[in-house]
Amino acid sequence: MSNNHSGLSDFEVETFSNFYIPLKFSDYLHQSHPSKNNNKNNFDKIIETSPEALLNAVTGIQSDDSTKLKDYSFFRNGSHKINGLLEVLNNLVNSLYQAKTLTEQNKIPLVTLIGPTGSGKTTLGDSLEKGLVNYLQSKPAYYLVIKDGDKRFPCPYFEEPINVLATNNIVIPNSLRREYIIKDSAELCPHCSSLLNELFTKKVTGENNYTGWMQVFDDLLEARRLTPRSASLELTDKDFKKKFPLVVRNANRGLLHISIDDTNIREIPQINYQLLLKLADKQVVLNDGRVFKPDLTVLLYSNESILMDLAVPDNITMKDFESPRYMPLLDRMLPVFVRRNLSYTCEEDIYKRANLPFDHFWPHSLSSIARFSVSTRIGNEEEDTETDLARLLELYDKFEKMQVIQSDDLKFIKQRLNLEFDEPPVDGWSSGLSTRKANSELIYLSKNNKRTCLTPLIVDEFLTMHEDEFEDNINLIKKHNNNKMLIDLTVGYLSMLNEKKGGLKYLENEFSEFYSLYEKKLMKNIEFIETIKGREKIDDVLQEIATKKLNLGVGAPENLANIIFDFRDKTGKPMQFIDLVEKNSELIKDFKSFDTFIDWNNYKRTRKPSGDDELKFKRLLNSLKDLKYCDNCSKASIDALIEEELIG
Ligand SMILES: [Zn+2]
Ligand SMILES: [Zn+2]
């Protein structure tokens, strides 16, 4: 967890607070008063509890606590962007909604993000915090500053100024209190309360009318723009008890992050749990023994094992049971199960952003590692076969990216994610490889091998590290990789045959010409077109491009309609030549000549081309460069395919 949880540097926090001039207390009251202000809603706008502000920051409007899955744009845009996790985010928003409601009932629920390592709990907390920062920049909130002559005493808890009117030991007429006070306001913190009591007693002499009171207020008080507040603490911190009142102070009117490290959860002193329970009752005992009622949102972070650790064991005594670490604490928690990412395309983006120490990446390396890592988080049941795994990979990728899924499939996914119950999901939970672990394994492989490129061979090495646990997953990924290499090699070889005409570019251009002619023929029923040769039958032109230029088998155009337009319907993109090869490599006529392209038997023995073959081999590697293969990648791919007896 980062130390500066506000997401702002100290300098920015300073600028933020100094940018706005203080508001006169009477103006603050005026702005927050329903009847003295034209806009009645203004009252709610400037006085919000911390959970209310957070909820508004996330939802933009009051949430209606619906059970239908919603896509909150808050999490999809801006600096607090989160990928996927649709149902997790919905649960989180529902918890924030409950937190807001419970705060109105004088409770502070412990919103608990529970999930395995690397599931992104901290990222979620950071996202909420950044959201709150942005919210406070666009929507003013205020805190109390007490004035004594030239001296200024900002409330150490950054309290809402309205609390002055709710504080009993300050001499203010009850009629005035009733006029301005709102239901959520609490008594001022002990510090402000005793200081103000003193100053008011000195200032208030005899009779005062309302105008007189406003003058007293303005002499003694001002409202300043609230800065984003937050603080973090670990429940296992050995000075937890001492630090607790301090972090509550720093996080008041904002977010309090408390992480629970499960490794020594059993050694956490009872007092820490008691302090949390008190906090849940909106009670914090300060170091001088006085009690403060905080206004904050609590975010607890915990590993999935907390559910076991806090569950009541069989052999405990009644005395143990009454201890706060068991049921009472669970009662106060609003659990949000944060599973791991299940979209392999999102996972690939994470690896891309990690700047792994390789000079070059085989174009499918990160995608296959992403597929593998995500697949290990799916389906650890006996009956889940390789086919199910492949299907689930595709379904989850769509679900995470909120693409359309058939209703049966959606139902199936919802079941696996346990959406109907308040329980952790089947997939993306405890088992499997975390992104963090995969990343560090790749860094290790890069250093250990001193290889500059993440070749298919190193990807294999990575997979082999997990063969004891995830054999099925490895088979699935290896098949996928072999297929990708075979396609690339096919396209590379065909490009090489056309290298004088422009290689891959030539093939793609011809295919796009073929594609648009085909479309014309089917959509507009055109039979003849004008070419440089004159008026020609469109079928003849198509046939010529297919067989002579693209080296597609005889009769190809007739076979292609389904493949081409199916692809467009499914992906929303026009097909490219390389996609065609992927969908149907049998159409490629000239790839057959690859078998005799060089002396493969000799290559198999020596793992290098000899004599005339050397130059041909170089030409092939050169053509593969258009497909983003370096020489290392190309050679590793060819060797791997030979090893699997797929070529040669
Ligand atoms: Zn105060
Ligand atoms: Zn490479």
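In each ligand, atom 1 is the first atom listed, and ligand 1 is the first ligand listed. All of these numbers come straight from a predicted model, not from anything done at the bench.
With the Zn ion (ligand 1) at the apex, Cys155 SG and Cys189 SG define an angle of roughly 120° (rounded to 10 degrees).
Under the 6.0 Å cut-off for aromatic ring centres, Trp600 and Phe594 qualify, their centroids lying closer than that.
Near the Zn ion (ligand 2), less than 2.8 Å away, sit the protein N, O or S atoms His360 ND1, Cys453 SG, Cys630 SG, Cys633 SG.
The two residues His191 and Arg290 have their closest heavy-atom pair at N-NH2, 4.2 Å.
Salt bridge Asp612/Lys616: absent, no basic N to carboxylate O contact under 4.0 Å.
Using modelled atom types and a 3.5 Å distance limit, the side chains of Ser375 and Asn473 yield a donor-acceptor pair. Using modelled atom types and a 3.5 Å distance limit, the side chains of Thr103 and Glu52 yield no donor-acceptor pair.
Residues Ile578 and Asp488 meet the side-chain proximity criterion, which asks for heavy atoms closer than 4.5 Å.
Exactly one residue among Phe591, Tyr603, Tyr493 makes a ring-ring contact (aromatic ring centres under 6.0 Å, His included) with Phe597. That residue is Tyr493.
The N, O or S atom of Glu159 with the smallest distance to the Zn ion (ligand 1) is OE1.
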